[in-house]
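Have a look at the structure that comes next, please.
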2 protein chains.
Amino acid sequence: MTTIDRIDQRILHELSRDARQTNVKLAEQVGLSPSACLRRVQELERSGVITGYKAVIDRSRLGIGCVVYLTVGLSKHTKASLEAFERAIAEAPEVVECHTITGAVEYLLRVEVTDIGAYKDFHTNVLGTLPHVSSITSHIVMDSSKSTRS
Amino acid sequence: MTTIDRIDQRILHELSRDARQTNVKLAEQVGLSPSACLRRVQELERSGVITGYKAVIDRSRLGIGCVVYLTVGLSKHTKASLEAFERAIAEAPEVVECHTITGAVEYLLRVEVTDIGAYKDFHTNVLGTLPHVSSITSHIVMDSSKSTRS
DNA sequence: CTTTAGCGCGCAACTCGATTGCAATTCATT
DNA sequence: AATGAATTGCAATCGAGTTGCGCGCTAAAG
């Protein structure tokens, strides 16, 4: 594992909050000169600690009104059926996350759609067409009081 | 809702992939001159579609070896007990997401820790000390085959 | 049909930040 | 104390960011 000191941690924290602040400002905030700060950032990128940067988009402004976490259980647990399911999920733009999890079911998915009708459509016409799906439990997100993941 | 045309969508898509590419490169990719492209980005920011930018950090490089999604049910559903729970969760650095969801339980949390022992510690010493927590169901993430959320 | 107004765009000039080479400083080891 | 390695700061250069101005296109009004 790469050695991360306190200044690196500060840099990571700052870039988690605002990845497009100028390097000059970032350097000020972590107490380095701009060039030393930039080299730190470059090293964090090169070593793979920082894997990229992304825009944070307010999906509700784009019409996303409904976020759903759902668990999916499969009736067949062969490698082939798992892979077929994951391939289908990879093709579904509504699904923004797919995790293989421990427990009574195989997957936890995060789905983002415009409204509950669109979710029903997804549920019926996407999930409903996949072979080996034996259980689906949906949880609509009413509020996200914490979202600090980066 | 702000009007988003196809070029705006292209911009959003590109900035979801690499938010620190130069504006010159972004402009090339969406087929505008750099200044027109920049104004589009500025407008997407001003209007709140883009709420910010963040670094994507590979947590496993920082020692995070264990991601857990867990559902939490409360025994009391008063406003006061809900708020107390959320305040406690806001103070727990291991919890990176907290969603209020429909269904038999109240919350879905995402927790990131170094290893399963650290999760047990969190489970016992953080969750275990909170009043009104009546059920906890943990799912360890074994793999995330899709993660396109932005 | 013509004219006008509004919107989005491109061009170009200026400013400032990004980047990198070199030298200095600091820290750790012998 | 000396040496080597790692980190940092300085400064110069280049390129990108930013913005004002004018142009072109489209739609609406006369």
Side-chain angles (χ1 to χ4, degrees), chain A residues 1-65 93 114 148-150, chain B residues 1-65 93 114 148-150:
Chain A
M1 187 176 71
T2 305
T3 304
I4 302 290
D5 69 9
R6 292 207 68 85
I7 295 178
D8 289 323
Q9 283 173 15
R10 286 285 309 276
I11 287 171
L12 291 174
H13 177 69
E14 286 298 323
L15 291 179
S16 289
R17 291 175 57 254
D18 177 11
R20 280 177 75 141
Q21 63 183 292
T22 64
N23 180 62
V24 174
K25 184 183 167 197
L26 177 63
E28 261 178 51
Q29 295 191 315
V30 301
L32 291 176
S33 72
S35 74
C37 180
L38 181 64
R39 289 185 182 119
R40 291 258 191 159
V41 173
Q42 287 170 340
E43 179 58 27
L44 288 169
E45 292 167 359
R46 194 204 58 79
S47 66
V49 173
I50 296 181
T51 58
Y53 301 90
K54 55 177 34 173
V56 183
I57 297 169
D58 181 356
R59 292 283 175 183
S60 66
R61 302 240 173 193
L62 295 185
I64 296 292
T114 53
T148 57
R149 177 181 168 194
S150 67
Chain B
M1 184 176 74
T2 304
T3 304
I4 301 292
D5 69 8
R6 293 207 67 84
I7 295 178
D8 289 321
Q9 283 173 14
R10 286 286 308 276
I11 287 171
L12 291 173
H13 177 71
E14 288 297 325
L15 292 179
S16 290
R17 292 175 56 253
D18 177 11
R20 278 176 75 140
Q21 62 184 292
T22 64
N23 179 61
V24 175
K25 183 182 167 196
L26 177 63
E28 262 179 49
Q29 296 191 317
V30 300
L32 291 178
S33 72
S35 73
C37 181
L38 179 66
R39 289 182 182 121
R40 291 266 192 148
V41 173
Q42 287 170 339
E43 178 58 27
L44 288 169
E45 291 166 357
R46 195 204 57 79
S47 66
V49 173
I50 296 181
T51 59
Y53 301 91
K54 55 180 30 175
V56 183
I57 296 169
D58 181 358
R59 293 282 175 183
S60 66
R61 303 243 174 189
L62 295 185
I64 297 289
T114 52
T148 56
R149 176 181 170 194
S150 67

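This one's a predicted model, so the numbers in the text were calculated from it and none came from an experiment. Every chain is numbered from 1 and lettered A, B, ... according to where its sequence line falls, protein lines coming before strand lines. Just the heavy atoms: all of them, side chains too, but no hydrogens, waters or symmetry mates, feed the values below.
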Check against side-chain contact (heavy atoms from CB on, under 4.5 Å), Leu62(A) and Leu12(B) | CA-CA 11 Å; Leu62(A) 295 185; Leu12(B) 291 173; 3.8 Å; yes
Could you check how far OH of Tyr53(A) sits from P of dA18(C), rounded to whole Å?
-> 12 Å
Mind listing the closest non-hydrogen atom pair of Asp5(B) and Ile7(B) along with its distance?
->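 For Asp5(B) versus Ile7(B), the nearest heavy atoms are OD1-N, 3.0 Å.
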Kindly give the heavy-atom pair with the smallest separation between Glu14(A) and Gln29(A), and that separation in Å.
->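 It is OE1-OE1, 2.6 Å.
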Residues from residues 19-26 of chain A lying under 4.0 Å of DNA chain C - heavy atoms = Thr22(A), Asn23(A), Val24(A)
Rounded (10°) bend between the five-pair end axes of the helix from dC1(C)-dG30(D) to dT30(C)-dA1(D) =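 So the angle between the two local helix axes works out to 30°.
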Output yes when Arg40(A) and Glu43(A) qualify as a salt bridge under the 4.0 Å nitrogen-oxygen rule, no when they do not.
-> no
Between Arg6(B) (CZ) and dG8(C) (P), how many Å, whole number?
->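 Checked: the CZ to P distance equals 18 Å.
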Look up atom OG1 in Thr148(B) and atom CZ in Arg17(B), then write down how far apart they are to the nearest 0.5 Å.
-> 12.5 Å
For Gln21(A) and Asp18(A) the tightest heavy-atom approach is NE2-O, 3.1 Å
Round to the nearest Å and state the distance from Leu32(A) atom CG to dC10(D) atom P.
-> 12 Å
Does a nitrogen or oxygen in the side chain of Gln42(A) sit under 4.0 Å from OP1 or OP2 of dT20(C)?
->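 For Gln42(A), the contact criterion (side-chain N or O under 4.0 Å from OP1 or OP2 of dT20(C)) is met.
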Starting from C1' on dC27(C), measure out to CD1 on Ile7(A) and report it in whole angstrom.
->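 Whole-Å distance recorded here is 14 Å.
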Of the nucleotides dT20(C), dG10(C), dT8(D), which has the atom closest to the Ser33(B) side chain?
->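 For Ser33(B), the side-chain atoms sit closest to dG10(C).
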Contact class for Arg40(B) (heavy atom, under 4.0 Å): base, sugar-phosphate, or nothing?
->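 Counting heavy atoms under 4.0 Å across all strands, the contact made by Arg40(B) is with sugar-phosphate only.
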For the residue pair Leu15(B) and Tyr53(B), what are the closest heavy atoms and their distance?
->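 Scanning both residues, the minimum pair turns out to be CD1-OH, 4.2 Å.
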Integer-rounded Å distance: dT15(C) P and Leu38(B) CG =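 The answer, rounded to whole Å, is 18 Å.
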Considering heavy-atom distances to DNA chain C, does Pro34(A) or Arg39(B) have its closest nucleotide positioned more toward the 5' end?
->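 Result of the comparison: Arg39(B).
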Any sub-3.5 Å donor-acceptor pair from Arg61(A)'s side-chain atoms to Ser47(B)'s backbone N or O?
-> yes
What integer distance in Å separates Ile11(B):CD1 from dG8(C):P?
->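 Spelled out: CD1 on Ile11(B) to P on dG8(C) is 13 Å.
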Among all residues two or more places apart in sequence or in another chain, which pass the side-chain hydrogen bond (donor to acceptor under 3.5 Å, both in side chains) test with Glu28(B)?
->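 Applying side-chain hydrogen bond (donor to acceptor under 3.5 Å, both in side chains) to Glu28(B) gives none.
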For atom CG of Asp5(B) and atom P of dC7(C), their distance in whole Å =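 Taking CG of Asp5(B) and P of dC7(C), I get 15 Å after rounding.
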Any N/O donor-acceptor pair, Ser35(B) side-chain to dC9(C) base, under 3.5 Å | no
